[in-house]
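The structure appears below as structure tokens.
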Amino acid sequence: MRRGRPATALLAGMALTGGLLTAATAAPASAAADRAQEIGAEVEAAADYTWSNVAIGGGGFVPSVVFNRTEPNLVYARTDIGGAYRWNQSDQSWIPLLDHVGWDDWGYTGVASIATDPVEPDRVYAAVGTYTNDWDPNNGAILRSSNRGETWQTTELPFKLGGNMPGRGMGERLVVDPNDNDVLYLGAPSGEGLWRSTNAGVSWQEVTSFPNPGDYAPDPSDTSGYQSELVGVTWVTFDPSTGSPGSPTQTLYAGVADLDQSVYRSTNGGATWQAVPGQPTGYLPHKGVLDEETGDLYIATSDDAGPYGGADGEVWRYDTAAGTWTDVSPVAAGSDRYFGFSGLTVDRQNPGTVMVTAYSSWWPDTQIFRSTNGGDSWTRSWEFTSYPNRGKRYTIDISSVPWMDLNASPQPPEETPKLGWMTEGMEIDPFNADRLFYGTGATLYGTTQLTNWDRGQTFTIRPYVRGLEETAVTDLASPPSGAPLLSGLGDIGGFRHTNLTQVPSDTFPSFGTTTGLDFAELAPATVVRVGNHVSESTAPTVNFSTDGGGNWFAGTAPSGAHGGTVAAAANGSRFVWSPEGAGVHYSVGFGNSWTASTGIPQGARVEADRVNPNLFYGVHQGTFYVSTNGGATFTAAATGLPTGEVRFAAVPGRTGDVWVAGEGLWHSTNSGTSFTRVTAITADNIGFGAAAAGASYQTLYSSGVVGGVRGIYRSTDSGATWTRINDDAHQWAWTGSTITGDPRVFGRVYIGTNGRGVIYGETAESGGGEDPGDPEEPGEPEDPEEPGDAPCRVGYRVSGQWQGGFQGEITVTNTGTTALSNWRLTWAFPAGQTISQLWNGSYTQSGANVTVTPATWNATLSPGGSTTVGFLGSWTGGNGSPTAFAVNGTSCATG
């Protein structure tokens, strides 16, 4: 799947030189981290946090899976922008290996190739770098590990690598000699040829005798450099029989992206190379795999570099002993062959068994072919019976990732879920002929019943993607009630998470990429999202929900409008949309019609005040804009803000309280009339969460730099001081898109990444971060007793008020000498106010009488400890404050 790149203006590059390279590590991301060469080593963070992925279940392209040839169950997977993973057999999950990659080296999460050492299985190598054009300012690198990816050392290369470039499904480019494992080869893109290391990846030198670096580019006229870059040398394969343990393998084969001469061979350990005589021409070699028992080299080819396109291709078998080539294509030329071939693999337990995919067959589905006689004949994973009906050898069980049906309702012969698309990476387990993994554009599928195919029995395919989270996150929202998290994602829309550890049942509908979402702060069940189509569609690119994102309906977009940012009025009565294809517009109601806003430029980023439903804000090119009439007209206010890309947000419960982040951090408490720069942090984004115990202001969260140290930061004192809450082992490359705290759980923070999905952190300070429990049944509060041995203090304040509604906060403090457990707060409203929702606890109300009980995490208040609950309420005649409170029946002091 293709995702947007990070904004390069925010990323620092470094110049590298060519020649013979020696080991060099990336610059440490933390001044406190003296990591020498171990860039994965953990350092102490300033706050005690645990980090996890919000469970999505895949979501991105998995170009390849690599099995170790000498140790069972040692398996690695690489992704195009989301790093590399190691398989954990005990719990059937994947362990992320590149979370240590920092901001400046964000391109290292694009893995162009991965290699596992067959001689010393603890060794693993990754060729990293995301783009070969100027989108990635840094050159590529070889990462090497002697502990299966727990920590890494780095050798920078004098050229770039393209983990997210055309041809990224070809390979493997990086390989380890199975006889002399100090010898590695790397096929380079961009005309850089073939490279070799003879000291286990510490240093690299070009193989100057290699005759052809490849001359194929998908589109030489592309001025962006994305399609016009040379794909290069795409794979290297060894013939282990031509070497002995400790001595380099003598015969090697290499594939090159060249339509005329694409397969090369060396018979003297890589000293010299020649094109293999009689080879097929006219196609690009996506894969080259040697069946060592039969001596047959198989080549899967396409007329396109992939992983998307490909309208023709062939599969060839080369008898390495006889020197003869045989066309063994599963579909003959001139018949219904409208795709290229890839996903090539052989069964190491059953010589002569080979499989290949029609990787670019998007309609009606991908195809997988299997042969048990060296390609002389093939069977298919599915065939047409009576069109449009299909007969299938498999069933697909997506119960572990139910959204994989993508909310689709296709017409036959298409089905949902699909067998896949972009199926370039496929491998049979060398130790288990029944296990097969293969990557698609959105998941990693597999089966443990593969040989049922040969017996005419059905086998089950299911996602094997637990822990492998690869999505680009565009926006996040954590409402004060309902589901704790709503996410906007590239390609697959986004999700409503009612449980952070459970894969949701459905993605958001209608369009594939969400670029912006928002909820009404005072009516959180009202949600809006906008975005772009991934494929051809005419569906509106604006959706609304009135049940917190559970169900959606489409609005009507202004002409040409798509993408951009969107804001919901605090009470959900109207919306402001700043799309990519049109100017800023506003709608009263749910987007049935839109009216152009005035006074604000096209392309401005928009947000809503979280208290006043008539207040909306915008930022564009350093100027702040304010609307006091629901988005109809805007007026320029403060100037002098960053002219580049910014993120900004308004604080819940405080009208006119706005923070702007981007190359710094600015704060306004007067609706943008003026801003004060916060010098303690250089912030990339800003988000808010539940206040700390005893604090009256929301906790701030940001990805940024404090004191020269980049990290994820938290402030519990309105931005005066900041604490780093991540560590060097948890950096997730580029985190500048979106961040938010949880308004119901102190310390919980959600971080958007560009390839590692949604990360959430929790701290022991929050007591484990449990969500508030269900409210108790209504009942009359008990009469307060006289003050006893458990004194308490209660502070009450109205944090925001509008006609007919208000937001309040109540802070309960234990002023006694013993812990206060399972507290119960009671009071009576003096003017008949009614609570509509409450967070950080549960409530019941009977008439004027209110009872509040805690959540699990704040159920016990130690001496001197306090907690704050917030609520939304309504009033009619007046909104006077309660004057008497009791905890567990004991009257409390106020103030």
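Values below: every heavy atom of this structure, side chains too, minus hydrogens, waters and symmetry copies. Throughout, numbering of the chain's residues begins at 1 and tracks the sequence.
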When you compare the side chains of [X] and [Y], does any donor N or O come within less than 3.5 Å of an acceptor on the partner?
| X | Y | value |
| --- | --- | --- |
| Thr669 | Asp657 | no |
| Ser190 | Glu229 | yes |
| Thr155 | Arg144 | yes |
| Ser478 | Thr740 | no |
| Thr565 | Arg605 | no |

Expected output: side-chain [X] to main-chain [Y] donor-acceptor under 3.5 Å:
| X | Y | result |
| --- | --- | --- |
| Arg756 | Pro96 | no |
| Tyr85 | Glu469 | yes |
| Arg677 | Leu665 | no |
| Asp99 | His730 | no |
| Asp105 | Gly102 | no |
| Trp106 | Trp732 | no |
| Ser145 | Thr151 | yes |
| Thr763 | Gly747 | no |
| Ser627 | Leu615 | no |
| Thr623 | Ala636 | no |

Begin with the C-alpha distance, continue with both residues' side-chain angles, and end with the deciding distance and a verdict on side chain to side chain contact (heavy atoms under 4.5 Å, CB included) for Thr738 and Val473.
CA-CA 8 Å; Thr738 179; Val473 185; 3.9 Å; yes
Working for side chain to side chain contact (heavy atoms under 4.5 Å, CB included), residues Thr753 and Val758
CA-CA 6 Å; Thr753 74; Val758 182; over 6 Å; no
Do Arg647 and Asp475 meet the salt-bridge criterion of a basic N to acidic O distance under 4.0 Å?
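Not counted as a salt bridge, because no side-chain N and carboxylate O are separated by less than 4.0 Å.
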Distance in Å, [X] [atom1] paired with [Y] [atom2], rounded so as to fall on 0.5 Å steps:
| X | Y | atom1 | atom2 | result |
| --- | --- | --- | --- | --- |
| Trp659 | Thr676 | CH2 | OG1 | 9.5 Å |
| Arg654 | Asp609 | CZ | CG | 12.5 Å |
| Leu143 | His100 | CG | NE2 | 6.0 Å |
| Ile681 | Ser702 | CD1 | OG | 4.0 Å |
| Ser578 | Glu580 | OG | CD | 9.5 Å |
| Ile759 | Asn726 | CD1 | CG | 11.0 Å |

Test: Arg714 cationic atom under 6.0 Å from Phe688 six-membered ring centre, within 45° of axis
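No; the conditions do not both hold, so Arg714 does not lie above the ring face of Phe688.
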Pairwise side-chain contact, [X] with [Y], heavy-atom cut-off 4.5 Å (strictly under):
| X | Y | value |
| --- | --- | --- |
| Ile712 | Ile739 | yes |
| Trp103 | Asp684 | yes |
| Val651 | Tyr697 | yes |
| Tyr625 | Val584 | no |
| Val606 | Val566 | no |
| Leu161 | Val111 | no |
| Ser671 | Tyr617 | yes |
| Asp104 | Tyr108 | no |

Taking ring pair (Phe, Tyr, Trp, His ring centres under 6.0 Å) as the test, write out the residues that go with His562, two or more places apart.
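In terms of ring pair (Phe, Tyr, Trp, His ring centres under 6.0 Å), with neighbours along the sequence ignored, His562 is linked to no residue.
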I'd like to check the ring pair (Phe, Tyr, Trp, His ring centres under 6.0 Å) partners of Phe495; sequence neighbours left out, ordered by chain and number.
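Per chain and number, Phe495 pairs via ring pair (Phe, Tyr, Trp, His ring centres under 6.0 Å) with Trp403.
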Restricting to non-hydrogen atoms, name the atom on [X] and the atom on [Y] that form the minimum distance, rounded to 0.1 Å.
| X | Y | result |
| --- | --- | --- |
| Ala608 | Ala568 | CB-O, 3.0 Å |
| Tyr131 | Lys160 | O-CD, 3.6 Å |
| Leu489 | Thr474 | N-OG1, 3.6 Å |
| Gly719 | Ala680 | O-CB, 4.2 Å |
| Gly653 | Gln807 | CA-NE2, 3.3 Å |
| Thr868 | Ala695 | OG1-O, 3.9 Å |

Evaluate the salt bridge (charged side-chain N to carboxylate O under 4.0 Å, His left out) criterion for residues Arg78 and Glu470: first the C-alpha distance (whole Å), next the side-chain angles of each, then the deciding distance (0.1 Å), finally the verdict.
CA-CA 10 Å; Arg78 65 178 172 97; Glu470 191 207 2; over 6 Å; no
The test is side chain to side chain contact (heavy atoms under 4.5 Å, CB included); show your working for Leu500 and Arg748 and say whether it passes.
CA-CA 12 Å; Leu500 302 179; Arg748 183 185 287 171; 3.8 Å; yes
Using side chain to side chain contact (heavy atoms under 4.5 Å, CB included) as the criterion, point out the one residue from Asn53, Val62, Ile56 that pairs with Leu468.
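Among Asn53, Val62, Ile56, the one meeting side chain to side chain contact (heavy atoms under 4.5 Å, CB included) with Leu468 is Val62.
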Asn532 and Thr513: CA distance, side-chain angles, deciding distance, side chain to side chain donor-acceptor pair (under 3.5 Å) verdict:
CA-CA 5 Å; Asn532 298 313; Thr513 291; 6.0 Å; no
What do the steps show when you test Asn164 against Thr130 for side chain to side chain donor-acceptor pair (under 3.5 Å), and what is the final call?
CA-CA 5 Å; Asn164 199 32; Thr130 301; over 6 Å; no
With a 6.0 Å cut-off on ring centres, are Tyr49 and Trp51 close enough?
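Centroid separation for Tyr49 and Trp51: below 6.0 Å.
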Quick check: Phe624 with Phe675 (ring centres under 6.0 Å apart)?
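Ring centres of Phe624 and Phe675 closer than 6.0 Å.
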Could you walk me through whether Asp518 and Arg610 pass the salt bridge (charged side-chain N to carboxylate O under 4.0 Å, His left out) test, one step at a time?
CA-CA 11 Å; Asp518 194 17; Arg610 310 314 285 180; 3.3 Å; yes
Would Phe519 and Val528 count as a side chain to side chain contact (heavy atoms under 4.5 Å, CB included) here? Give the steps.
CA-CA 6 Å; Phe519 64 89; Val528 61; over 6 Å; no
